[in-house]
2 protein chains.
Amino acid sequence: MARPSQFRESDVLTRAMLVFWQHGFAGTSVRHLEQATGLTASSLYNRFDSKEALFASVLDHYIIKVVQWRIDRYLCADDALAGLRRFFDSTYDYISQQRPPMACLLANTALEKSATDLAVRAQLDRGLALLEDAFADCLQRAVQAGQLRADCDCSRWARHLLLCLQGVLVDSTIHPDHARLSELVDGVMAALPLLQH
Amino acid sequence: MARPSQFRESDVLTRAMLVFWQHGFAGTSVRHLEQATGLTASSLYNRFDSKEALFASVLDHYIIKVVQWRIDRYLCADDALAGLRRFFDSTYDYISQQRPPMACLLANTALEKSATDLAVRAQLDRGLALLEDAFADCLQRAVQAGQLRADCDCSRWARHLLLCLQGVLVDSTIHPDHARLSELVDGVMAALPLLQH
DNA sequence: TTCATTTTGTATCGATCGTTACAAAATGGA
DNA sequence: TCCATTTTGTAACGATCGATACAAAATGAA
């Protein structure tokens with residue numbers, strides 16, 4: 001057998017993820033990744049083939065560790081609409097608790113790289129499809145719970161919510177202001193086909 | 001007197017704008033700017049002080065030549081709601097007619113640089129405030145024309161529209177699909193407090 | 001203990017990064 | 001025509017880019 005690695009791949013991906021998340025792909029250097037992960041360039045290139053390949057692994061890691069985690073945490077709550085509301089509200093905590101604030105690796109990557117890199121675009125599409133499906137399921141449960149009108153087109157509203165989420169991420173970067181975000185989310189929630197009691 | 005410039009600053013800013021728009025700030029090199037503008041690095045650094053300063057000038061140029069132009073073109077139409085609809089629809093033409101597609105320099109810059117660069121964030125805020133005010137004016141005219149309910153809070157809906165626009169820009173980069181965008185814009189317009197006839 | 005195999009640390013590769021020094025070229029005023 | 005001033009082209013600066021060559025270190029199998 002051979003010499004074993006002195007790191008866990010998941011830890012390295014998490015640390016690299018934070019760097020790419022904050023500085024973007026072009027703004028992140030291999031030196032910076034060495035410092036953040038504690039590995040040498042040799043080890044990084046031995047495990048991952050290139051900066052591009054590492055970034056692809058980081059995108060997958062983000063989808064699992066951040067996107068899916070937030071879906072499970074908020075969009076599967078018993079009270080579907082309350083969970084949805086908390087999901088949107090929590091984006092502000094997520095953004096503002098970082099120094100400097102970081103919106104979303106998927107949205108950042110979409111605007112930096114997806115236009116020219118089809119493989120990256122496919123990864124982003126997969127991550128956003130997870131969110132869109134989770135929104136649709138959440139809305140469907142809200143319909144069944146009598147929170148939304150029975151004729152609510154959950155698939156279309158799910159795409160609308162995904163649109164609003166991406167908008168929130170951009171807006172929160174320019175206006176890192178909780179009151180503004182909260183008012184915006186009020187508007188997003190109020191636009192849903194609510195069932196009045 | 002001195003030797004005159006052999007270029008018009010506005011032309012240089014337009015050409016540099018397209019490069020930054022497509023590749024981002026970190027992804028754009030001075031060599032690339034030389035090629036796109038036809039100027040040497042000497043002339044670029046003689047007129048602008050640095051890559052950062054050139055980028056700041058480019059942002060101002062974008063706000064005037066793209067943002068304000070699109071406001072004048074669409075959001076000042078006689079039929080306010082129809083103009084608003086065409087404004088959103090036109091984002092797809094704007095994105096898809098470029099090879100590769102380019103969303104919006106303001107949104108791109110927001111996610112790439114605004115978190116760490118306060119001067120840039122202030123510029124973006126100014127550009128987006130132009131849009132927000134134009135949305136509010138447009139909605140106000142729609143109210144006066146009897147297209148929207150009289151109790152419509154135009155300022156809040158203007159912020160909501162800005163949110164949706166930023167979402168459209170991110171989404172269109174990942175899904176450059178006219179039908180999808182059109183359906184999303186349907187949802188955005190339908191959410192407005194329309195006055196039924 | 002020897003060996004095949006993989007990881008690690010060091011040191012550096014050629015290319016490109018943003019930026020600048022310097023002199024020739026181009027102007028209107030004296 | 002000569003001068004002061006600014007722009008331009010050439011050439012290159014030190015720093016950093018992504019990536020790699022190479023040998024020492026570390027493992028389990030034989």
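Order of the sequence lines sets the chain letters (A, B, ...), proteins ahead of strands, with each chain counted from 1. For clarity, every value in this text was computed on a predicted model and none was experimentally measured.
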Is the shortest side-chain N to carboxylate O distance from B/Asp93 to B/Arg86 below 4.0 Å? no
Can you list the other members of the hydrophobic cluster that holds A/Val30, where links are side-chain heavy atoms under 4.5 angstrom apart? A/Tyr45
B/Arg156: side chain to side chain donor-acceptor pair (under 3.5 Å) partners, not counting sequence neighbours: none
Starting from the 5' end of DNA chain C, give me the residue, A/Gln6 or B/Gln6, whose nearest nucleotide shows up first. A/Gln6
Output side-chain donor-acceptor pairs under 3.5 Å for residues 120-127 of chain A, partner residues at least two apart or in another chain, one line each.
unit_1	atom_1	unit_2	atom_2	d
A/Arg121	NE	A/Ser114	O	3.1
A/Arg121	NH2	A/Ser114	O	3.3
A/Arg121	NH2	A/Ala115	O	3.4
A/Gln123	NE2	A/Ala56	O	2.9
A/Gln123	NE2	A/Asp60	OD1	3.1
A/Asp125	OD1	B/His175	NE2	2.7
A/Arg126	NH2	A/Asp60	OD1	2.5

Among residues 30-38 of chain A, which contact DNA chain D at a heavy-atom distance under 4.0 Å? A/Val30, A/Arg31
Is there a side-chain contact between A/Tyr45 and the phosphate of D/dA19, meaning an N or O under 4.0 Å from OP1 or OP2? yes
Pairs: protein N or O with nucleotides 27-30 of chain D N or O, under 3.5 Å:
unit_1	atom_1	unit_2	atom_2	d
D/dT27	O2	A/Met1	O	2.5

For the pair A/Asp11 and A/Arg8, find out whether any cationic side-chain nitrogen is under 4.0 Å from an anionic carboxylate oxygen. yes
Identify the 5'-most and 3'-most nucleotides of DNA chain C with at least one atom closer than 4.0 Å to a non-hydrogen atom of chain B. C/dC17 to C/dG28
To the nearest angstrom, how far is A/Asn46 atom CG from D/dA19 atom P? 14 Å
Listed by chain and number, what are the side chain to side chain donor-acceptor pair (under 3.5 Å) partners of A/Arg141, not counting sequence neighbours? none
Flag yes if more than 12 heavy atoms outside A/Asp78 fall under 6.0 Å of its CG atom; otherwise flag no. no
By the 4.0 Å heavy-atom rule, please label B/Ser42 as base, sugar-phosphate, or nothing. base
About how many Å separate OG of B/Ser182 and CZ of B/Phe88, when rounded to the nearest 0.5 Å? 12.5 Å
Among residues 50-59 of chain A, which contact DNA chain C at a heavy-atom distance under 4.0 Å? none
Test side chain to side chain donor-acceptor pair (under 3.5 Å) applied to B/Glu183 - qualifying residues, sequence neighbours left out: A/Arg159
Residues which pass side-chain contact (heavy atoms from CB on, under 4.5 Å) with B/Ser42, listed by chain and number, not counting sequence neighbours: B/Thr40
With sequence neighbours excluded, what pairs up with A/Ala53 under the side-chain contact (heavy atoms from CB on, under 4.5 Å) test? A/Asp49, A/Ser50
Mind checking A/Phe7 for me? I need base, sugar-phosphate or nothing, with any heavy atom below 4.0 Å counting as a touch. sugar-phosphate
Apart from A/Val170 itself, its cluster of hydrophobic side chains linked below 4.5 Å comprises A/Leu111, B/Leu111, B/Val170
Could you tell me whether A/Glu34 and A/Arg15 have a side-chain N and a carboxylate O separated by less than 4.0 Å? no
